[in-house]
Protein chains: 2
Amino acid sequence: MRRPTLEAVAARAGVSRATVSRVVNGAANVKPHLRTAVMRAVEELGYIPNSAARSLVTRRTDSIALVVSEPPSRVFSDDPFFSAVIRAVSQELEAADRQVILMLASSAAGHARVERYVAGGHVDGVILLSMHGAEPLPASLSRSRVPMVSHGRPVASLPVPYCDCDNRGGARAAVEHLISRGRRRIATISGPPDMTAAQDRLGGYREVMAAAGRRPIVATGDFTRESGATAMRRLLADEPEIDAVFAASDLMAVGALGTLRAAGRRVPDDVAVAGFDDIALAGFSEPPLTTVRQPVTEVAACIVRTLLSTDPPSAPVILPTELIVREST
Amino acid sequence: MRRPTLEAVAARAGVSRATVSRVVNGAANVKPHLRTAVMRAVEELGYIPNSAARSLVTRRTDSIALVVSEPPSRVFSDDPFFSAVIRAVSQELEAADRQVILMLASSAAGHARVERYVAGGHVDGVILLSMHGAEPLPASLSRSRVPMVSHGRPVASLPVPYCDCDNRGGARAAVEHLISRGRRRIATISGPPDMTAAQDRLGGYREVMAAAGRRPIVATGDFTRESGATAMRRLLADEPEIDAVFAASDLMAVGALGTLRAAGRRVPDDVAVAGFDDIALAGFSEPPLTTVRQPVTEVAACIVRTLLSTDPPSAPVILPTELIVREST
DNA sequence: CTGAAAGCGCTTACAG
DNA sequence: CTGAAAGCGCTTACAG
């Protein structure tokens, strides 16, 4: 006893398969009484179209792959930023009646899996998230000619359309804010050097520091809390005089707060701390964190719009960030 | 310029489509020289089978849905238990050459989405994770006759095959351990009453307490850290004399540790605390947590094996847990 | 507005 | 071992 087919519905409703197909797909031009008959037959048989058959002829799957270049441990239980982005993208895609297929690909095997899946025609488009410098995916996927949009600026050599927030401008605003608070020795904890978000935030920091005639003080992390704690320890050891830190992610900023507390430095009295992202934790940390808010929902909407648009790939869209001042600065 | 088809490969290799199909699918009986010719043509054209066409005839998709009945915020950035389970299941499935489609469904809309997706024939099977009592999914999905296995015992009324760990036995071991340490007033912080894992752990607690002639003291949480902190506050207010707590999840146990610290109760001197799950955090908490280890990988393997087996649905499999004693008891 | 027919790209008995 | 042919369940020009 197999699932009913279009054929069965047509027989029961006393019409052709074409008519059933039109009704099921909501075509306008079907006489009301036939439409009613078809809909009743669909209901009675519990008919649901076979998606493989439909995809075969329409060449669409109504599915979009969201490919995250990070290991599961990082995506699932570390940075709430991923949670926020994945949720926002999913909601936009669901609103457009597309199924999102979440694929994590942080290893060569993962990349191969994604490549096979996409090349096999399983999805109509790909969203790239958290790409690192040496990412092989854009090149290998472009061979499948599937539409692709990157969440965040890809490295220069890859001609992938993208939406991003103004990482450089956001960093600038945070550092200028620290300067305006009268801070003299402002360090930064930067993100992974192979990610453009980290590069741009570091660029914004350097720009403001240079314009103000200050010496840049840089420690490198990888966006995680632990790396922020470690970088802060290094800064304290190397540059005990610092009175402010701009961390390129809230998670790193929170790690830095822990280190400062353990070292007996008061925040913001001794050292001011600013982060980036505005994750929920930023509002609850001790003290609450001054940070740069990313427009997560807007970027997601932009990406989905770009991906689903039939127009030729548009120019990159850079959305503004917003400085949120709390008690840590 | 479309993707090359089987037809194109056949033409280039000078053989029939049937032969190409056999080579591509690894059938044994093809003469070596033909096989070589086909493989070269495949290589030259960059041929990859169209999965919709293949699914249409084979009635297989080689994809499995992993349906988690929780909101994104909980799955992505709260409980590392989900991370562990999702990772373990994915690895088992990938080893079996199946693609896993992660679907979160915590709302009516989410349930409808999953139902449509499964009924549309997108997947060959469904794994149910973190089901709550009133879960509509098993009933609605069973209409599609797709194989289904539950991670964890479903509520009694649902005849879904499942694999689980010995929640009751694990809880018993933890509580007996607390008794053997000489604790007199042992409370429990239980999980959501509509989840069988919570019910079984609570059952194990009650069983041991009854056998020992002790009065059960129960506060209810929902497996999250905050709920553990809150429940612990309630326990301290209602039963200030307690000298031990068995929390039904590590996350709740860690929340309880925070509350105890804030209340000035020493762990384990004043109050012993045991958890359940053995997440990584349990080893790092202050103090490190005595807990019940779940065989996450083994349960995942069991589920995948059950789902992919062609045998009639087997009897439930219950895997043993292990008590890990650390400094909190 | 409706239906007969072709065709999407595969796999798989069946015959040889 | 190999190929010709049927068929999976849909959609979509095309004709009327």
Side-chain angles (χ1 to χ4, degrees), chain A residues 1-39 41-42 45-63 116-117 119-124 144-145, chain B residues 1-39 41-42 45-63 116-117 119-124 144-145:
Chain A
M1 194 180 111
R2 221 171 251 171
R3 284 173 40 197
T5 66
L6 236 204
E7 182 90 50
V9 176
R12 181 162 194 126
V15 298
S16 72
R17 286 144 65 205
T19 298
V20 176
S21 178
R22 288 185 189 108
V23 172
V24 168
N25 290 292
N29 41 357
V30 177
K31 280 266 173 68
H33 73 282
L34 288 187
R35 175 183 302 279
T36 312
V38 169
M39 285 169 62
V42 165
L45 295 173
Y47 171 70
I48 294 185
N50 176 307
S51 55
R54 179 178 274 176
S55 291
L56 183 55
V57 20
T58 60
R59 303 175 175 290
R60 288 188 302 104
T61 61
D62 294 331
S63 297
R116 270 204 316 279
Y117 197 74
H122 282 97
V123 296
D124 299 336
S144 315
R145 294 164 200 294
Chain B
M1 196 181 109
R2 224 172 249 169
R3 283 172 40 197
T5 66
L6 236 206
E7 182 90 50
V9 175
R12 181 161 193 126
V15 299
S16 73
R17 286 145 64 206
T19 298
V20 176
S21 178
R22 289 187 188 105
V23 171
V24 168
N25 290 292
N29 41 357
V30 177
K31 281 268 173 66
H33 71 283
L34 289 187
R35 175 183 301 279
T36 311
V38 169
M39 286 169 61
V42 164
L45 295 173
Y47 170 71
I48 294 185
N50 177 308
S51 55
R54 178 179 275 175
S55 291
L56 183 54
V57 20
T58 60
R59 302 175 178 291
R60 289 188 301 104
T61 62
D62 293 331
S63 295
R116 270 204 317 281
Y117 197 73
H122 282 96
V123 295
D124 299 337
S144 315
R145 295 165 199 294

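Quick caveat, the model's predicted, so the values are computed rather than measured. Throughout, a chain's letter reflects where its sequence line sits, starting with A, and its residues are numbered from 1.
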[X] [atom1] - [N] [atom2] separation (whole Å):
X	N	atom1	atom2	value
A:Asp62	D:dT11	CG	P	11 Å
B:Asn50	C:dG9	CG	P	7 Å
A:Arg22	D:dT11	CZ	C1'	10 Å
A:Asn25	D:dT12	CG	P	7 Å
A:Arg54	C:dG9	CZ	P	18 Å
A:Leu56	D:dC8	CG	P	13 Å
A:Arg59	D:dA13	CZ	C1'	15 Å

Within less than 4.0 Å of OP1 or OP2 of D:dT11, is there a side-chain N or O belonging to A:Ser21?
yes
Ignoring backbone atoms, test whether A:Ser16 places a side-chain nitrogen or oxygen under 4.0 Å from the OP1 or OP2 oxygen of C:dT2.
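False: A:Ser16 side-chain N/O out of range (4.0 Å or more) of C:dT2 OP1/OP2.
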Of A:Lys31 and B:Ala52, whose closest DNA chain C nucleotide lies nearer the 5' terminus?
A:Lys31
5' priority, DNA chain C, between A:Asn29 and A:Arg17 [closest heavy atom]
A:Asn29
If you check the A:Leu6 side chain, which of D:dA4, D:dC10, C:dG3 turns out closest?
D:dC10
Stem segments of DNA chain D by first residue number [Watson-Crick or G-U, under 3.5 Å, at least 3]:
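As far as DNA chain D goes, consecutive pairing (with distances under 3.5 Å) yields the stems C:1-3 with D:14-16, C:5-12 with D:5-12, C:14-16 with D:1-3.
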Which atom names give the shortest non-hydrogen contact between B:Tyr117 and B:Val123, and what distance separates them?
CE2-CG1, 4.1 Å
